[in-house]
Structures are given as C-alpha cells and as structure tokens.
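Below is one structure, written out as structure tokens; the observations come after it.
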Amino acid sequence: MSTQHAEAASYDVRAIQDKWRAVWDELRPFDADGSDPSRERRYALTMFPYPSGDLHMGHGEVFALHDVLARYWRLKGYDVLNPIGWDSFGLPAENAAIKRNENPATFTYDNIETQAESIRRYGVSFDWTRRLHTSDPEYYRWTQWLFLKMFERGLAYRKASYANWCPNDQTVLANEQVVQGVCERCGAVVTKRELTQWYFKITDYAQRLLDDMEQLEGAWPERVLTMQRNWIGRSEGAWVDFAVAGRDEPIRVFTTRPDTLYGATFMVVAPDAKLAAELVSDEQRGDFDAYLERTKQATEIERQSTERPKTGVFLGVHATNPLTGESMPVWAADYVLADYGSGAVMAVPAHDQRDLDFARTYDLPVRRVVDVPGEENPEETGVATSGDGAYVNSPALEGIADKVEGIASIIEKLSADGVGEGTINFRLRDWLLSRQRYWGCPIPIVHCPDCGEVAVPDDQLPVELPYLTGADLAPKGTSPLAAATDWVRTTCPSCGGDASRDTDTMDTFVDSSWYFLRYCSPGYTGGAFDPAEVKHWMPVDMYVGGVEHAILHLLYSRFFTKALHDMGLVSFVEPFTALMNQGQVINQGKAMSKSLGNGIDLGQQIEEFGVDSVRLTLVFAGPPEDDIDWADVSPAGASKFLQRAWRISHEVASEPGVDAASGDVALRRVTHKTVAECEHLYDSKRFNVVVARVMELVNATRKAIDSGAGAADPAVREASEVTAMLLSTVAPYVAEEMWAELGHAPSVSQQAWPTVDPALLVDDTVTCVVQVKGKVRGKLEVPPSISDEELEALALAEPNVARHLEGAEIRKVIIRAPKLVNIVV
RNA sequence: GCCGGGUUGGCGGAAUGGUAGACGCGGUGGUCUCAAACACCACUGUCCGAAAGGAUGUGCGGGUUCGAGUCCCGCACCCGGCACCA
C-alpha cells in the first residue's frame, strides 16, 4: 500500500476554486429564502467592510469565522440570512479624491468591486442579492428619513457647544471618536471649538442602554459590556443648590457625597462653562479672561492629564453652604469639566484628592468631616480620605457611621429644605453627528430665516450630494458643501422663501446604525425597511466583528434600535442577541505594520495555499476571540490535512446510497460521536475544536482503509460523507469536491445535518481508571453496564492496584461505574 | 485608582469536579526512493529507569473534596477598558 502512497493522488486547488464558484453562482445555495414563515430562521451578520483597498488578513479571519456559523446553520436546516454590503461613506475616499482630483465615488466604487471579487473568491456564503452600499442615494435617502424621524421626536437637535475638533481631518468628532485625547481615525491631538452642531439625544437612553444589557449578559463578551457600562458611567448622588449673594439663580452642583457637605469649604466652576462668565466679578474679570483663554488653548491630552498641577482663578464671588450658612469663595479651575454634571462642584478638600490638591495650592481651608479609622488627618498628610467612618463636625449626621445612611439622611434634609435632591448622573454625552466633510450623508434640513430649521419633506428625499471633485473637497474648516452655492441655495419647504441647506454631512456611524435592518428588505421603497421583513429576520442571532467597535458602532446601533422601538417601527429593543469579537491577526508577536515590514498579505497566502487552507488555518488557530500569530500557525499543515481528507473521498470504493448499517462498527462509532460532539461545539462557538474532531475522524478513516475494514466498507463512505459536510463549514471548495468524488450532486452545503444513531454513541467496553488514594494505578476494560460490585472486585484484583494496596487498610471505595474506582486507604 | 478578562509542554491550544496535555505545529526515528520531494508509520511534558514501573507537573500560597487545571480565599504578573466624571 505504501507504493500507492508514493504517487498519492491530489486535487488541484486552483481548478476546484474556479469550478465550484461557477456552480454556486448557478445554484445560489446561499440566498435567504424567507418564503416559509414557519421555517426557523437565523440571521448571521458580519460587520460590513469599509472599501479601503483590497481585503486584508483581518477580513479573512472575520469572514472565515462568521461563515462557519452561517454554513453550520444552513446544514441544520435553518433559513439563513447572511448578507453583505459596504460602509462606503468616509474620509479615506475623500482624501484620495482630493489628491487625484476626482470625486470620492470613483475610489469608493472601484475598491468595492475589488473587495467584492475577493470576497467571492474567498467562498463566503453571502446572499449577494441583498448587497447594499451606504453611499448609494437609494440607501442614504433612508438614512435621511431616519434622521428626520429623530428630528420630529426631538432626538436630533442643534446646539452651540465646545466640540472636539480634529485639526488634521478638519472636522468635529463625537466623544466616542476621541481616544485618550487623540483622533480615533488619524491620531491627531484633538482640540475644542465652539460650534453649533447637530446632536442625537442618546443621553435620554442612558439608563435603558444600561438596563437592557441584562439581555446580553452571557451572549456578548463580558469586556464589551464592561466597556459600555464604563462609557455610560452611571453615578448616583444628589444635586445641591448654593445661593449666591446678589444673584437669583443658585449654583447647582452634582455630588456623589452629599454627606460631606459640612466639609465643603469652597466652590469650583469649570472656566469654559457659561456659569463662570456669568459669576465673575468686575474686578476679577481680567484675570478670569486670561485663564479662560489658556484653558481653551490646552489640548485634550493636557487637559486630561492627572499629573498636571492644579490651577485656577478666584471669581470674586461667594456662595452660601445650605447646611451651615457659611460663605464660601467661588473659583474657576480647569479640573472641573464644563459638560459633566452642572459644570460646577462643591469642593470638599478633606475627602477628595483633587479638591485637596487645589486647596493646598491656593491655601484654602480644609475641614475633616469623616474620621476614617486608621487614616491620618488629610490636612496634615495631603492625602484625602474617602472611606467610611464616624461623621465629625456634622451636626445633622450625629451617631451615623455609615456612608449609605449618611448620604440618604442628608438628601432627605436637603429635599425638605428645597435645596437639593437625590439624582443620577451619567458620563455619556449626546452624540455629535455633524461633520464638516463632503463624503457623507447630507443632513436633510433647510435653514430658513423665518421658519428656522425645517425638515426636507419626504417626497424631496434624498437630498443628494452635489458632484464635487479634487480641490473643491479640500478641508477648509467649514463644510465643502458650503462652497457649492447653487446646491446650498433653496427655498423653504414651509414658507417658500429663500433659504439654505444645511452644509454638514452626517457621521458615518449614523449610516451603520441601521444597515442590518435594511438588509431585511434592501429594495423596499415604502420606508427604511419593510416592517414585516424586519419582524421575520431580526434580531441578529450572531454578530461578528472587531472589538474596536465596542462603544462606537455597537452603542449607537443599540440606541437607534431603542429609538425605533419607541417610534413603533420595530418590536425589539436589542438588535444583536449575540456578539463575537474575533482576535487580531498578528505576526511574530506584533501587530502587522508597514514600518515593521511584517505584514502578511491575504491574497498572497491564498495564492500559495488556496482559500480553503487559509480559512482552515484561521479557524483552527485557537478560540475565535484569541489573537492569531501567523508565525505560530501552519497553512501548509492545513493544506496537507485537506489533501488527506480529500484522498479518502477519492479512495472510497462503495456505491453512493449504500446502507452504512452493515459497515465497520468501530469506525461508525467515531463518525457518529464526531457528529454529536461537533453539534455541541458549533453551538458553543468552539470552531477550533470542531476542526480537531474532524481531523480525528479523518485519522480514524485512514486507519480503517489502510489496516482495517478497507476502502469498500460502507462505514468508510459514511465517514467520508460526514467529513465533507463538516468540512463544508470551514473549507467549502474541497468539501464540494469531496462530495462530488463521493458521487453526489452539489451542493454539500445544502445537505441535511446527519442523523446520529444513539446506539453508536455507546462503546462495547469503556476504560475504567482505578485509583489508589487518587493516583491512577491501573486501567480496566469493562462493559458500560457493569455493576458497582463487579467493578470493585475487578479493581481490587488488578495486579498493580493490589501491589499498592499491600499492607494497607481499605477505608473507603468510591465507585463511579463504569469510568472510575478510587480506593482510599 | 476603579472595572473586566487571562496565566496549561519547545509553540498554537484540548479537557460536564474523575486518565492533564485531545488536535495540530515543530522535533526525533523509520518505510518508500538511485536520491530528494510528496506520502505513510512510530515516538515526543520533565526527572529516574533497559523495561515494568515510579516521582513530578496546569503562575504563587492556602482551603473545600475520596479526587481540583476546573470550586472557594489571598497574592503576583500579563492584556483590555475607564479615569481631574465631582
């Protein structure tokens, strides 16, 4: 037999890729059906790509992992929706267009065609009939429609505020797009600009975004839920009003420690909050203006640094402590943030480190009101205390030594006096959605001198982008659309007078906040989506994508879904019932980068090893969420295995349709156990282990052919057919080829999941481990039905066990028939 | 600082509280070959031993249990998130 192997048969990787691709195009086995409402459905979704150049390794991994599940679900008989599209608005296309003196559509749609071709070659089982691009007017018409729905309900509004500004991209950014003070996209240091911008009122949904995470617990990665919780930043406390002499409005502050109110010795207001400018006295105005100017110059990085010494300026006014009636100086300092809480705080230097640092810098009084056991007086040590302890200098809290109780008690007192109330504050800010760039969805609003902000009527949507090219797109700090004067000039839909269009475009995250709904009915013209189709397909059963969207896209999509729910447009409140974050593909311990020269090109790997081998390599490397170091894996090994698997199908010597029941029982047991176990493994997303089980099946089949039942045994055919089916989820081309070798008509991906014979899951004999004092001293081959008594007798008779029992007294025998006996001496 | 996740051979990784290291990579030896490649077979945690067998072993220290990689307590280190958020 070894002579045969010396010229081992093999399949032509490239030929079968071309062959089966054509067959799939003809058969369309991956289009979602939807015609039978009683058939159970599954929605598999992968984060749609941005059309930058060709696919890279990261795409290769997401598509491979997500397709395993889609294909498994199809084998299980579900009607599977597995759509693909492009997130095709965005800056890279615009920057390329400026450089090449083109319109961004050229770059965008060229890249989309390149990627589409690569994805087809990659054999992903997408339903291409539902393909969409967010930059198509037929798509963004509905993005505008949804914006207007938000506008109608007051969820989209315009306000003047200090916004994050990226000096490189020349546009404002949402908070979510500023990471540690730099632009999430380009890395430029972000500054602040006062601008009037559009916002979505995501803060209205803060509590629900938090509460509904309960539904996602266990189905979303814990770290993503944690990130969202951190980002939303719920904080319980109270607001407290401090009266100011000569002013009607009090200074309102948010505090989580109202119980330390007796320790408040001064107030601090954010310099860039309106309140500061209102409060400042004439004598202090010069100093304040200078300080405010310095604050504005500071970058987000500088502003957020905790290392920086505290600075501030006295505002020349005093506020009154509502509990003690004491007069407290009011300062402005940039350690207080304008857009959190009310932009003002009561400073309790003894029990807040920041306040203490400030107090020591400007020689302000420190008064301890909580005596924390084992901790020194903060005034002397310079270390603020925040723990529980007996309240001191706090008449209203006498006898209380518990923080929770103290807080409740003070809130009650403040409420009774009408100067405070318990409240909840969030870190989450409203979503700034305007962008001063061209290649995005125009905001469908007309500004009328008489009527104000007027929605563009439905029948006039979409508001299409004017065709601009090259230098006309160059960032100037204002939207390029403003330069298209003919486009801007329009009439007011309300009064018919002269008016102008809004010249900003939307953040591209708006486009992607609802695309999963559009997939359900991509051609629908009666609205953004057909409610009946959405009801049928949504919510998404598995969403696969990178963790970098943990708080951007995923939070926004959750918000959109809830808003649409409240509008009565969808029946569910969470769009993605399960989420999987694939790891990164790295090389030699480091992220791939041009500067390191360690990049691995997906296309090149496919050229060398073929699609199936690359996909198998990515799936087999480890758990889906773990990073893959390309230096640790072996696409050549994957190739070898696939050839081995195929060769078996080539050697099978029985006819299709032969009854497996007469086949070799030992091999049949392996086959049926593999099917049963893989089902469980797929369901728990352990695809790497699925591959390992299929490898074991192939090994067992090889052995049966070479030194057992032989290639003509029906069990060998059964094993090979199961191998082809399981393999079709990971390596679709070779699986089809095997299926054809086995004499079947395509497509293997449309076959029904094999039926497991429960009788074959039980072995004739099982290995029983015999332990003495918990250590393995012998093994027995016993029938699975063996009784405890029989097993104990056999165990005690085992020679090596008997040797270890010599001279010892048996105290207890634990029997877990038929697998284990533990003898305690 | 707060929150979340992790730590298993040379490497990637398997293990409903019951044989730790499945499967693969790499390595060693062999079959085939004039030779090589391909393929196939065997071995491969560490230490002692010719073998039988024994000792030891899942980041560290304790605990629960007949039995712990798995459960509980404490600690170290690594990765990720948030952080002048009052």
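By convention in this document, chain letters (A, B, ...) are assigned in the order of the sequence lines, proteins followed by strands, and residues within each chain are numbered from 1. These numbers come from a predicted model, not from an experiment.
OP1 or OP2 of B/G12 has not a single side-chain nitrogen or oxygen of A/S634 nearer than 4.0 Å. The phosphate of B/C40 has OP1 or OP2 within less than 4.0 Å of a side-chain N or O from A/R644. Close to B/A83, at under 4.0 Å from its OP1 or OP2, lies a side-chain N or O of A/R427. For A/R686, a side-chain nitrogen or oxygen approaches OP1 or OP2 of B/A15 to under 4.0 Å. The side chain of A/K779 places no N or O atom within less than 4.0 Å of a non-bridging phosphate oxygen (OP1 or OP2) of B/U19. The phosphate of B/G24 has OP1 or OP2 within less than 4.0 Å of a side-chain N or O from A/N699.
A 3.5 Å limit on both hydrogen-bonding distances identifies B/C73 as the Watson-Crick or G-U partner of B/G61. Of all nucleotides present, none satisfies the Watson-Crick or G-U wobble test against B/C38 with each distance under 3.5 Å. Using N1 to N3 plus N6-O4 or O6-N4 for Watson-Crick, or N1-O2 and O6-N3 for G-U wobble, each under 3.5 Å, B/A50 pairs with nothing. Judged by Watson-Crick or G-U wobble contacts below 3.5 Å, the nucleotide B/C66 has B/G18 as its partner. Within the shown strands, B/U44 is the pairing partner of B/G26 under the Watson-Crick or G-U definition, both distances less than 3.5 Å. Searching all strands for a Watson-Crick or G-U wobble partner of B/G1 with both distances below 3.5 Å returns B/C82.
Minimum heavy-atom separation, A/L356 to A/P378: CD2-O, 3.9 Å. Taking every heavy atom of both residues into account, A/Y291 and A/A332 meet most closely at CE2-O, 3.9 Å. Taking each heavy atom of A/D241 and A/P322 in turn, the nearest pair found is O-CG, 3.6 Å. Taking both residues in full, the closest heavy atoms of A/D629 and A/G589 are given as OD2-N, 2.6 Å, listed atom of the first, atom of the second, then distance.
A/F641 places its CZ atom 13 Å from the P atom of B/C23, with the value rounded to the nearest Å. Note: CD1 (A/I705) to P (B/C41) measures 11 Å, nearest angstrom. The distance between atom CD of A/Q180 and atom P of B/G80, rounded to the nearest whole Å, is 11 Å. The separation between A/F358 atom CZ and B/A86 atom C1' is 14 Å, rounded to whole Å. If you measure from atom NZ of A/K773 to atom C1' of B/U65, you get 16 Å, rounded to the nearest angstrom. Summarising the geometry, the separation between CG on A/N230 and P on B/C3 is reported as 10 Å, rounded to the nearest angstrom. Between A/E625 atom CD and B/G13 atom P there is a gap of 11 Å when expressed in whole angstrom units. For the pair A/F609 CZ and B/G24 P, the interatomic distance rounds to 18 Å; values are reported in whole Å.
Considering only side-chain atoms of A/D334, the nucleotide from B/C82, B/C23, B/C84 that sits closest is B/C84. Closest contact between the side chain of A/R647 and the listed nucleotides B/A14, B/C84, B/C40 involves B/C40. Listed nucleotides B/C84, B/C41, B/U19 differ in distance to A/R702; the shortest reach to its side chain belongs to B/C41. Checking B/C66, B/G13, B/A86 against the side-chain heavy atoms of A/Y340 singles out B/A86 as nearest. In the set B/A86, B/A14, B/A39, B/A14 carries the atom at the smallest distance from any side-chain atom of A/P623.
The glycosidic torsion of B/G9 lies within 90° of 0, which places this base in the syn conformation.
With hydrogens and angles left out, the side chain of A/N822 and the base of B/C66 share a donor-acceptor pair within 3.5 Å. With hydrogens and angles ignored, no donor-acceptor pair closer than 3.5 Å exists between the side chain of A/K640 and the base of B/C38. On a pure distance criterion of 3.5 Å, a polar donor-acceptor pair joins the side chain of A/R816 and the base of B/G18.
A/R367 places a side-chain N or O within donor-acceptor distance of the main-chain N or O of A/Y262, the cut-off being under 3.5 Å. A side-chain donor-acceptor contact under 3.5 Å links A/H351 to the backbone of A/V369. Between the side chain of A/D763 and the backbone N or O of A/V766, no donor-acceptor pair lies under 3.5 Å.
B/C73 and B/G24 are spaced 38 Å apart, taking the C1' atom of each and rounding to whole Å. Between B/G59 and B/G5, the distance separating the two C1' atoms is 16 Å to the nearest Å. The gap from the P atom of B/G9 to that of B/C60 amounts to 10 Å, rounded to the nearest Å. Across B/G21 and B/C43, the matching P atoms stand 14 Å from one another, rounded to whole Å. Between the C1' atoms of B/U44 and B/C78, the separation comes to 30 Å (whole Å). Here the separation of B/G10 from B/U28, taken at their C1' atoms, is 14 Å to the nearest Å. Rounded to whole Å, the separation between the C1' atoms of B/U31 and B/C25 comes to 23 Å. Here the separation of B/G67 from B/G63, taken at their P atoms, is 12 Å to the nearest Å.
Using the six-membered ring where Trp is involved, A/Y682 and A/F687 have ring planes that are tilted, between 30° and 60° apart.
For A/G637 and A/K819, each mapped to the nucleotide of RNA chain B holding its nearest heavy atom, the one lying further toward the 5' end belongs to A/K819. When each of A/V691 and A/K703 is assigned the nucleotide of RNA chain B bearing its nearest heavy atom, the one mapping closer to the 5' terminus is A/V691.
Within the 4.0 angstrom heavy-atom criterion, no nucleotide atom of any strand lies near A/Q353. Residue A/V348 is out of contact with every strand shown, counting any heavy-atom pair closer than 4.0 Å. Using a 4.0 Å heavy-atom cutoff across all strands shown, A/D355 reaches no nucleic acid atom at all. Backbone-only contact: A/K812 has heavy atoms under 4.0 Å from sugar-phosphate atoms and none from a base. Backbone-only engagement by A/N688 is indicated by non-hydrogen atom pairs under 4.0 Å involving sugar-phosphate atoms exclusively.
Atom NZ of A/K673 sits in a crowded spot, with more than 12 heavy atoms from other residues, nucleotides or ligands closer than 6.0 Å. Heavy-atom contacts from other residues, nucleotides or ligands closer than 6.0 Å to CD of A/Q180 number 12 or fewer. In the displayed structure, A/R14 atom CZ is contacted under 6.0 Å by at most 12 heavy atoms of other residues, nucleotides or ligands.
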Run the numbers on A/F266 and A/F358 for ring pair (Phe, Tyr, Trp, His ring centres under 6.0 Å), then give the verdict. CA-CA 10 Å; A/F266 58 99; A/F358 192 79; 5.7 Å; yes
How does each nucleotide of nucleotides 43-48 of chain B score, in 5' to 3' order, for protein heavy atoms under 4.0 Å: base (B), sugar-phosphate only (S), or none (-)? ------
Per-nucleotide protein contact string for nucleotides 49-59 of chain B (B base, S sugar-phosphate only, - none; heavy atom under 4.0 Å): ----SSSS---
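Taking the six-membered ring where the residue is Trp, the centroids of A/Y11 and A/W646 are separated by under 6.0 Å.
Applying the salt bridge (Lys or Arg N to Asp or Glu O under 4.0 Å) test between A/D334 and each of A/K192, A/R308, A/K296 identifies A/R308 as the sole match.
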